[in-house]
2 protein chains.
Amino acid sequence: MPVDDDRPDLAAMVVPLGRSLVAAEEPVLRDHSLTMWGYIALCGLDEAPLRTQAALAQAIGADKTRLIGVLDDLQERGFIRREPDPADRRAHLLSVTAKGRRVREAARAGIRRREEELLARLSPGDRRAFLRALRTLSQP
Amino acid sequence: MPVDDDRPDLAAMVVPLGRSLVAAEEPVLRDHSLTMWGYIALCGLDEAPLRTQAALAQAIGADKTRLIGVLDDLQERGFIRREPDPADRRAHLLSVTAKGRRVREAARAGIRRREEELLARLSPGDRRAFLRALRTLSQP
DNA sequence: TATTGTTATACTCTATAACTATA
DNA sequence: TATAGTTATAGAGTATAACAATA
């Protein structure tokens, strides 16, 4: 039962928090010459290679047309490979290079450091519960 | 110390959550013929009347030029009053009308019901901690 | 005919600059 | 001259439509 009714709407708290988190990431990404979408794409290629660009676009919540320039840039700089699928030459197999993995992890580490400063404002218990709740609520 | 390092970046969880919260609000607001910015403005006029439109814009994180059409609409529909300040006739004193308060509370109630569905996925303890943490982190 | 990637175009939202009226 | 509000314009980011290559 809601005991906590005297508070702003969730969106009124979550959206500004998201904005400030994005703002905190931006200088870190700039230090590694990554755009936000470039970093998100690298994170989306975290594990196994993806079979199509459209699959990546959907996975990271981007438009497939918007992704193209992002991938062009990542490829030019040697962060990803875009190989035509021998089985279906329309599709492009996407994978991260070692160099791409390095820059992604370096950026991620910097971002984590910034996040620590924020999370330090929470008690250890609230911090754990907050992260647990976030993971629950952010997946559809 | 971070025990929770195997997780997406905070922004990668918070921003999508914010988007889904906004998406959940939209049908409720439409039911009350409110735009998101209209609702946000009504919420910003929660308590005491504000002395200027620029003050409201800053309070809700909006551009003052963007607020004008929003306030025009709210005033036309009798949700707010915009009275020239007798002490400084450049400024407009802003306040909510009873009608505006009613529509805001009705919308708020609908939004809270939607939020309940989401928060129900959390344990009571995590829910309390999540809201406490959100309030801490969303204020600068 | 349908789908992948691509390009070109249009649209939405937001910010910047310029104007008026008061001070 | 400086400020509150307003208007008009320009910009960034995003989505839609149309196209070439392949299936």
Side-chain angles (χ1 to χ4, degrees), chain A residues 11-12 15-16 18-23 25-27 29-30 34-41 44-45 49-76 79-95, chain B residues 11-12 15-16 18-23 25-26 29-30 34-41 44-45 48-76 79-95:
Chain A
V15 172
R19 274 199 245 280
S20 78
L21 287 168
V22 168
E25 284 196 12
E26 248 139 28
L29 295 177
R30 223 184 342 263
L34 285 173
T35 64
M36 180 61 76
W37 279 115
Y39 176 65
I40 292 173
L45 292 171
L50 281 170
R51 220 186 43 77
T52 67
Q53 296 183 184
L56 176 60
Q58 210 209 334
I60 64 178
D63 198 279
K64 66 168 182 170
T65 64
R66 205 188 332 150
L67 201 54
I68 291 166
V70 177
L71 295 179
D72 287 346
D73 177 61
L74 292 176
Q75 185 180 24
E76 264 174 42
F79 294 156
I80 63 166
R81 271 183 299 269
R82 232 189 326 190
E83 302 162 305
D85 183 345
D88 180 346
R89 293 199 3 241
R90 294 172 304 182
H92 289 185
L93 293 163
L94 299 174
S95 55
Chain B
V15 172
R19 274 199 244 280
S20 77
L21 287 167
V22 167
E25 284 196 11
E26 247 140 27
L29 295 177
R30 227 187 336 267
L34 284 173
T35 64
M36 180 62 77
W37 278 115
Y39 176 65
I40 293 173
L45 292 171
L50 282 171
R51 222 184 46 75
T52 67
Q53 296 183 184
L56 176 60
Q58 210 210 334
I60 64 178
D63 198 278
K64 67 169 183 169
T65 65
R66 204 185 336 147
L67 202 55
I68 291 166
V70 176
L71 295 178
D72 286 346
D73 177 61
L74 291 175
Q75 184 179 25
E76 264 174 41
F79 293 157
I80 64 164
R81 270 183 298 270
R82 226 179 344 179
E83 302 161 306
D85 184 344
D88 180 346
R89 297 211 345 249
R90 294 173 303 182
H92 288 183
L93 294 164
L94 299 173
S95 54

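Remember, it's a predicted structure, so these values are computed and weren't measured experimentally.
Shortest non-hydrogen contact noted between B/L93 and B/P86 is CD1-CD, 4.2 Å. Here the closest non-hydrogen pair linking A/W37 and A/A62 is CZ3-CB, 3.5 Å. Heavy atoms only, all atoms of each residue included: A/P49 and A/S95 are closest at CB-CB, 3.9 Å.
Residue A/M36 contributes atom CE, which lies 11 Å from atom P of D/dT14 at whole-angstrom precision. Following rounding to the nearest Å, B/I68 (CD1) and D/dT9 (P) show an atom-to-atom distance of 16 Å. In this structure, B/D88 atom CG and C/dT20 atom P are separated by 20 Å, rounded to whole Å. When the P atom of D/dG5 is taken as reference, atom CG of B/D72 falls 12 Å away, rounded to whole Å. Nucleotide D/dT6 holds its C1' atom 10 Å from the CZ atom of B/R82, rounded to whole Å. Rounded to whole angstrom, the span from the CD1 atom of B/I40 across to the C1' atom of C/dT14 amounts to 14 Å. Put simply, CG on A/L50 is 15 Å from C1' on C/dG5, counting in whole angstrom units. Look at CG on A/D85: it is 17 Å from P on C/dT3, rounded to the nearest Å.
Between B/W37 and C/dT14 there is a side-chain N or O to OP1 or OP2 distance below 4.0 Å. Phosphate proximity of D/dT14 to A/R66: present, with a side-chain N or O under 4.0 Å from OP1 or OP2.
Inter-residue side-chain proximity for B/I80 and B/L71 is flagged as met; some heavy-atom pair is nearer than 4.5 Å. Using a 4.5 Å cut-off on side-chain heavy atoms (C-beta onward), A/L94 and A/R82 make contact.
At a cut-off of 3.5 angstrom, counting only N and O atoms as typed in the model, there is no donor on one side facing an acceptor on the other between the side-chain of B/R89 and the base of C/dT22.
Nearer to the 5' terminus of DNA chain D, by closest-nucleotide assignment, is the contact made by B/A54 (compared with the other of A/R90 and B/A54). Annotation: of the two residues near DNA chain C, A/L71 and B/A62, the 5′-most nearest-nucleotide partner is A/L71.
Using a 4.0 Å heavy-atom criterion, one finds that A/D63 contacts the bases of the nucleic acid, with or without backbone contacts as well.
For B/T65, counting side-chain heavy atoms from C-beta on, the closest listed nucleotide (D/dT16, D/dT6, C/dG5) is D/dT6.
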